[in-house]
Each structure stands twice: as C-alpha cells, then as structure tokens.
There are 2 protein chains.
Amino acid sequence: MINVVLVDDHKVFLQGVESLLSSDPELNVLKKFTDGTDFFRYMKEGEHPDVLLLDIEMKGISGVEVAENVIQLYPEVHVIMLSTYFSEEFVDKLVNTGISGYLLKSTDFEDLIKAIKNVANGKFSCSPEIMDILVKGYKSAGSADKGDSEEDDGPLTERELEMLQLIADEYTTKEIAEKIYISEHTVKTHRKNLMQKLDVKNTAGLVKKGYILGLIE
Amino acid sequence: MINVVLVDDHKVFLQGVESLLSSDPELNVLKKFTDGTDFFRYMKEGEHPDVLLLDIEMKGISGVEVAENVIQLYPEVHVIMLSTYFSEEFVDKLVNTGISGYLLKSTDFEDLIKAIKNVANGKFSCSPEIMDILVKGYKSAGSADKGDSEEDDGPLTERELEMLQLIADEYTTKEIAEKIYISEHTVKTHRKNLMQKLDVKNTAGLVKKGYILGLIE
DNA sequence: TTGCCACTACCACTTTTGTGGTATATTGTA
DNA sequence: TACAATATACCACAAAAGTGGTAGTGGCAA
C-alpha cells in the first residue's frame with residue numbers, strides 16, 4: 001500500500017485526484033492540503049506519506065519552497081511536482097533539489113498512477129515533455145552549474161526541535177541552559193546548527209521559518 | 001446592518017448560529033472561523049465586524065487570548081464571549097479586559113440577538129447567571145484588585161507593522177534603518193514600542209506573536 | 001569494531017538586541 | 001489653532017546573539 005498526500009491550492013483538483021487514486025487498490029490518499037503551512041503542521045505530528053504530490057504554482061509559500069524543505073526535513077518522503085506549464089528554470093532548480101518526479105497536470109491518469117508507483121520504489125519519473133528538457137539541458141550544460149548554494153544539512157534532531165520551541169517561547173540561551181541542565185555553550189552550538197540547517201540569519205528567521213514549517217506551536 | 005464574525009472550534013455551532021442570525025434582517029454574518037490564528041489573518045486584511053462572537057473554550061489559542069489581542073489591536077470591534085460553563089475566574093479576567101458581553105451558550109436565541117444589538121450600540125450585555133457573579137464579585141471585592149498587569153498600548157501603527165515584517169524578514173536594526181532611510185535610533189524605538197505593545201521580551205517573541213496574530217506574512 | 005552522528009562543551013571576539021530614559025518634528029483632526 | 005498621536009532621534013550601558021572555530025563522549029549500526 002502506497003500512502004499519498006496531496007498539496008494543491010485548487011480544491012477541485014484535490015478532489016479529482018483523490019477520487020482517481022482511490023480507484024487503485026494499491027494507493028491510499030492520506031490527506032489533502034491547500035496550503036503549504038497546513039501541510040507542514042501535519043508533517044510534524046501526522047503520518048508521513050510515501051509520496052507527496054505537490055503543485056508548483058501556489059499562493060503563499062510556493063511549491064518550490066515546500067519541496068525544498070520537505071526533502072530536507074523528511075527525506076524519506078518522495079516528492080512529485082505537478083505543474084500546469086513547464087518551465088526549464090524550475091526543472092533545473094528542482095531536479096538538483098532531490099525531487100523524485102515532475103509531471104505536467106495534463107499527464108493522463110494511468111501515467112500519473114504509474115509515476116506514483118515508480119517513485120515509491122525509489123525511481124525517478126516524469127512527463128516525456130519534461131524528459132526532453134532534461135536531456136537537452138544535460139547535453140548543453142554538460143555537468144551543469146550548481147547555481148546558488150544547495151545546502152541540505154539533513155532533518156532537525158529531537159534536541160534541535162526542542163531548542164527551536166524554547167527559543168520561540170522567548171527563552172534566552174542562558175535560560176534554556178538552566179532549564180534543561182546543559183551548558184550555555186551547548187545551547188549556542190544548537191542555535192548555530194539550527195540557523196545553518198534552516199538557512200536563516202538570526203533568531204527572527206529561526207522563529208519565522210519554524211512557524212512556516214510547522215516545527216513550533 | 002450589524003456585521004458579525006463567529007469564532008468557535010465547533011463547526012456545528014458555527015453553522016447553527018449563522019442560520020439563526022440570518023433570520024434577522026439587521027444582522028449579517030461576515031465570516032466564521034474555527035481557529036484563532038485564521039481569524040487574526042482575516043482581521044489584518046478583511047472587513048472588520050461590528051461584533052465578534054467568540055467561544056472561550058477553544059483548542060490552540062484560547063478564547064481569552066484571542067479576546068485580549070483583538071481588543072488591543074482592533075478596539076472598534078465589540079467582543080461577546082460565549083461559554084458553555086461559567087467560571088468566576090474568566091468573568092473577572094475578561095471584564096477588566098474590555099469585552100462587551102459574556103453569554104452562556106445555553107442562552108436562548110432571542111436573548112443572543114438582543115445582546116448582539118446591545119453591544120453593537122456600545123452597551124454591555126450578559127446572561128443573568130453571569131450578572132449574578134458580577135454583582136457578587138463587585139460586592140465582596142469592592143473596587144477589585146487588578147490582578148496581573150493589564151497593559152493595553154493600543155493597536156499597532158502602520159510604521160510598526162512595517163517594522164515587524166522587516167524584523168521577521170531577518171533584517172537587522174541597521175539594515176532596516178538603511179532600507180527605509182531613517183536612523184537606527186528610530187528603528188530601536190519602534191522595536192521597543194512593539195515589544196511593549198505585544199507584551200513580549202525579545203525578537204523571538206515579536207516574530208512568534210506576529211505570526212499568531214496574523215500581523216506578518 | 002569501527003565509524004558515524006547526536007549531543008555535549010569550550011574559547012575569543014564582534015555585532016546586535018534590550019533597557020530606560022528624553023526629546024523634537026510632523027501630521028491629522030477636533 | 002491647538003491637541004494628540006505618530007514618527008523621528010538621541011544617549012549610555014547591559015545583555016544577548018552571532019561567528020568561526022575545535023573537540024570529547026556515548027550509542028547505535030554496518
């Protein structure tokens with residue numbers, strides 16, 4: 001049984017895909033979300049899907065951002081991006097990010113199901129149109145430029161999550177150290193690692209991203 | 001025409017009250033929310049109601065917290081608290097907060113509508129049972145103790161909102177100053193005022209509360 | 001049993017925040 | 001016009017956060 005979660009800001013699409021996928025006994029739609037932040041909150045507490053179907057064009061947090069963070073925080077989840085159009089820019093950006101598939105919404109239903117089963121088994125899968133772009137890109141750019149810095153420091157540890165919550169709760173480094181009986185130095189180290197992992201510059205960024213990614217309450 | 005917004009985590013209740021209120025031509029239900037944070041996001045952008053019907057017992061942010069912050073940030077909104085039980089503790093706490101009414105959910109429908117119309121006209125309105133508690137409290141406690149510090153520094157100004165957003169976006173004081181062409185001193189002053197108004201101790205608190213209250217994106 | 005990883009801890013130094021004042025323009029509006 | 005609210009600016013000192021390192025320990029898994 002392959003568990004799937006859908007994220008797309010068009011409710012109609014969500015319902016359509018769900019009823020479609022439910023026709024296949026191997027597939028099970030765990031949850032649907034119209035908003036990246038809601039999805040991240042679910043990911044902190046709820047059951048993780050095997051495959052995430054993710055719309056690229058979304059209001060609020062973009063699909064690209066969602067993808068990048070999901071892959072970092074929950075690497076066991078296979079992400080398939082869905083898009084109405086195909087943009088070389090995104091394809092480039094996303095493939096290096098570690099997504100498992102990239103389909104056009106115009107893809108027919110059997111191919112979608114096939115793709116889901118493929119990526120659940122660790123393969124990569126995408127629409128033929130996109131495959132074209134990939135092959136073309138591969139030829140021309142050779143081994144490609146890495147563009148902007150691709151940092152992925154893996155998911156947060158238990159301790160780091162705890163820190164993040166305490167920081168958001170207005171505890172200072174010293175107070176955290178006293179509260180959980182560790183040295184101030186250690187807390188500062190955790191703070192540093194958090195900032196690096198979440199790719200932010202200061203406490204404000206830590207709390208903001210913590211919220212967006214549903215890591216704090 | 002009196003515009004009303006409903007916040008209660010029980011959807012059934014929301015629908016019930018809405019259909020009830022719609023029977024009165026003077027009343028108009030603008031919006032319903034099951035969650036305080038969603039409500040606050042709406043308040044930042046959407047139309048402000050004349051009257052807010054607010055459940056006290058809610059998961060997540062409690063009704064009390066919602067009430068306190070609404071009254072501070074949007075003082076033109078008249079808040080009526082709804083509760084299943086009646087607790088002296090809450091009554092005390094809330095009346096000093098500046099709410100306009102306090103009804104039991106067992107209140108019958110005509111009284112609810114009457115109460116809404118009353119508070120929309122600046123009066124205070126509550127269930128007889130609660131009135132009893134109030135009178136009793138007034139007798140015994142005399143002019144009452146103020147309990148914990150009741151600070152209300154009014155709503156945030158445009159400039160302060162702008163600051164809050166920039167802080168959440170990881171700009172430092174110096175960067176903000178440069179960006180919007182004012183002195184660092186000024187930015188620090190705004191920061192101070194923000195912390196006082198939102199009743200938080202540091203940048204983390206600022207960003208967290210900014211999120212909860214829907215003041216930043 | 002070896003190697004990775006999370007967690008811990010330390011240091012020195014810089015930058016940014018936070019505290020607790022005061023004070024003057026500017027602006028909208030009663 | 002005069003008042004209130006807002007936005008601006010300044011100061012000095014204290015506290016906390018951020019930078020850029022290094023490094024030991026314990027546990028779990030290949």
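First the proteins, then the strands, lettered A, B, ... as listed; each starts at 1.
For the pair Lys197(B) (side chain) and Pro155(B) (backbone), a donor-acceptor distance under 3.5 Å is present. Side chain of Glu160(A) to backbone of Thr157(A): a donor-acceptor contact under 3.5 angstrom is found. No donor-acceptor pair closer than 3.5 Å links the side chain of Asn28(A) to the backbone N or O of Asn3(A).
A salt bridge is absent between Lys32(B) and Asp8(B); no separation between the charged side-chain nitrogens and carboxylate oxygens falls under 4.0 Å.
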Please list, one pair per line, the donor and acceptor atoms closer than 3.5 Å that link side chains of residues 206-216 of chain A to other protein atoms, with sequence neighbours excluded.
unit_1, atom_1, unit_2, atom_2, d
Lys208(A), NZ, Asp169(B), OD1, 2.6
Lys209(A), NZ, Leu198(A), O, 3.1
Tyr211(A), OH, Glu217(A), O, 3.1

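Within the 4.5 Å cutoff, side-chain heavy atoms of Met163(B) are placed close to those of Ile180(B).
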Between the protein and nucleotides 8-10 of chain D, are there any N/O to N/O pairs under 3.5 Å, and if so, what are the atom names and distances?
unit_1, atom_1, unit_2, atom_2, d
dT8(D), OP1, Arg159(B), NE, 3.2
dT8(D), OP1, Arg159(B), NH2, 2.6
dT8(D), OP2, Arg159(B), NE, 2.9
dT8(D), OP2, His190(B), NE2, 3.0
dA9(D), OP2, Ser183(B), N, 2.5
dA9(D), OP2, Thr186(B), OG1, 2.8
dA9(D), O5', Thr186(B), OG1, 3.4
dA9(D), N6, Thr189(B), OG1, 3.4
dC10(D), OP2, Ser183(B), OG, 3.2
dC10(D), N4, Thr189(B), OG1, 3.4

Please list each protein N or O that sits under 3.5 Å from an N or O in nucleotides 25-29 of chain D, with the distance.
none

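When DNA chain C is scanned 5' to 3' for any atom under 4.0 Å from a heavy atom of chain A, the first and last hits are dA6(C) to dC11(C).
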Give the C-alpha distance, both sets of side-chain angles, the deciding distance and a yes or no for salt bridge (Lys or Arg N to Asp or Glu O under 4.0 Å) between Arg41(B) and Asp38(B).
CA-CA 5 Å; Arg41(B) 283 194 208 295; Asp38(B) 289 344; 5.0 Å; no

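Across residues 205-217 of chain B, not one residue has a non-hydrogen atom less than 4.0 Å from an atom of DNA chain C.
Of the residues Leu103(A), Leu112(A), Leu52(A), Asn118(A), the one that meets the side-chain contact (heavy atoms from CB on, under 4.5 Å) test with Ile80(A) is Leu103(A).
Axis orientation changes by 60° from one end of the helix from dT1(C)-dA30(D) to dA30(C)-dT1(D) to the other, with each end axis drawn from 5 pairs and the value rounded to 10°.
Surrounding NZ of Lys44(B) are more than 12 heavy atoms belonging to other residues, nucleotides or ligands, all under 6.0 Å away.
The shortest heavy-atom contact between Val119(A) and His78(A) is O-ND1, 3.2 Å.
Using cut-offs of 30° and 60° on the angle between ring planes, the pair Phe33(B) and Tyr42(B) is tilted.
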